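These notes concern the structure reproduced below.
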Amino acid sequence: MAGLLLAAGSGSRLGRPKALVEFGGERLVDRGVRTLHEGGCDPVMVVMGAAETEVEGVTTVRNPEWNTGMGSSVRAGLDALPGTVDAVVIALADQPLITSHAVRRLLGTRGTGARAAVATYHGNQRNPVLLGREHWSTVYALAVDDVGARPFLRTYSHLVTPVECQDVSRPDDIDTPEDLERLTGLLEGT
């Protein structure tokens with residue numbers, strides 16, 4: 001099962017591409033890759049756009065349409081997945097408090113027959129998301145502008161297994177300098 005990290009945005013409100021932001025001593029892109037690897041994903045692929053950088057241990061996918069929003073990154077990533085991959089966990093680079101435990105929980109649903117699963121926090125759907133190959137074309141068609149898998153998760157909720165992850169992860173985004181400062185404080189326990 002593959003991991004797909006979306007890291008193409010420019011971080012307009014943050015003032016720099018989020019993938020390159022340092023958090024807890026590592027770049028957000030490296031932290032996201034590590035989380036997917038440690039969670040059991042192989043291969044791991046990263047969709048880049050606004051910034052280009054080397055990321056070890058992954059295949060980098062260039063999204064030339066990154067400025068149109070997350071939907072184009074989802075489509076670019078799904079297009080690039082190897083034919084041998086049966087399912088993918090999609091995560092976002094700007095959610096550094098997502099842990100490998102959440103990824104493992106999603107992957108664990110495959111043992112119960114789940115073909116689509118989403119991490120939930122107090123019952124609210126967030127990230128990461130697991131999608132079996134049979135759902136990729138539907139997700140691809142619905143991923144437009146600045147939305148990724150959310151329309152699929154809502155429209156086909158009867159196919160999606162919710163996986164509570166509140167006890168092992170936090171889905172907070174880094175969108176602004178204030179978010180970065182707040183999440184850094186959470187990481188450091190201050």
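The shown structure was predicted, so the numbers you read here are calculated from the model rather than taken from an experiment.
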(request) Would you check if the side chain of His135 reaches a backbone N or O of Phe152 as a donor-acceptor pair within less than 3.5 Å? (result) no
(message) Quick one: does any side-chain atom of Tyr140 pair with a main-chain N or O of Val74 as donor and acceptor, under 3.5 Å?
(response) no
(message) Quick one about His101 and Arg104 (side-chain donor to acceptor, distance below 3.5 Å, no hydrogens or angles considered), yes or no?
(response) yes
(message) Testing the 3.5 Å rule here: is there a donor-acceptor pair between the side chains of Ser169 and Arg105?
(response) no
(request) Looking only at non-hydrogen atoms, find the nearest pair between Val85 and Ala2 and report the distance. (result) CG1-CB, 3.7 Å
(message) With clusters defined by side-chain heavy atoms of hydrophobic residues (ILVMFWY) lying less than 4.5 Å apart, directly or transitively, does Met70 cluster with Val118?
(response) yes
(message) Do Phe23 and Leu97 make a side-chain contact, defined as non-hydrogen atoms from C-beta onward lying under 4.5 Å apart?
(response) yes
(request) With rounding to the nearest 0.5 Å, note down the distance linking CD1 in Ile90 to CG in Leu78. (result) 5.0 Å
(request) Indicate yes or no for a side-chain donor-acceptor contact from Trp136 to the backbone of Leu131 under 3.5 Å, with no hydrogens or angles considered. (result) yes
(request) For the pair Lys18 (side chain) and Ile174 (backbone), establish whether a donor and an acceptor sit closer than 3.5 Å, ignoring hydrogens and angles. (result) yes
(request) State, yes or no, whether a side-chain contact exists between Cys41 and Val103 at a heavy-atom distance under 4.5 Å. (result) yes
(request) Report yes or no: does Glu164 contribute a side-chain atom to a donor-acceptor pair with the main-chain N or O of Ala119 at less than 3.5 Å? (result) no
(message) Against Ser72, only a single residue in Asp145, Asn67, Asn63, Val144 fulfils side-chain contact (heavy atoms from CB on, under 4.5 Å); can you say which?
(response) Asn63
(request) Say whether Met45 and Val29 are linked into one hydrophobic cluster, either directly or through other cluster members, by side-chain heavy-atom distances under 4.5 angstrom. (result) no
(message) Out of the candidates Arg126, Gln95, Arg182, only one should pair with Asp172 under the side chain to side chain donor-acceptor pair (under 3.5 Å) rule; please name it.
(response) Arg182
(message) Given 3.5 Å as the limit, does a donor-acceptor pair link the side chain of Gln166 with the main chain of Thr120, or not?
(response) no
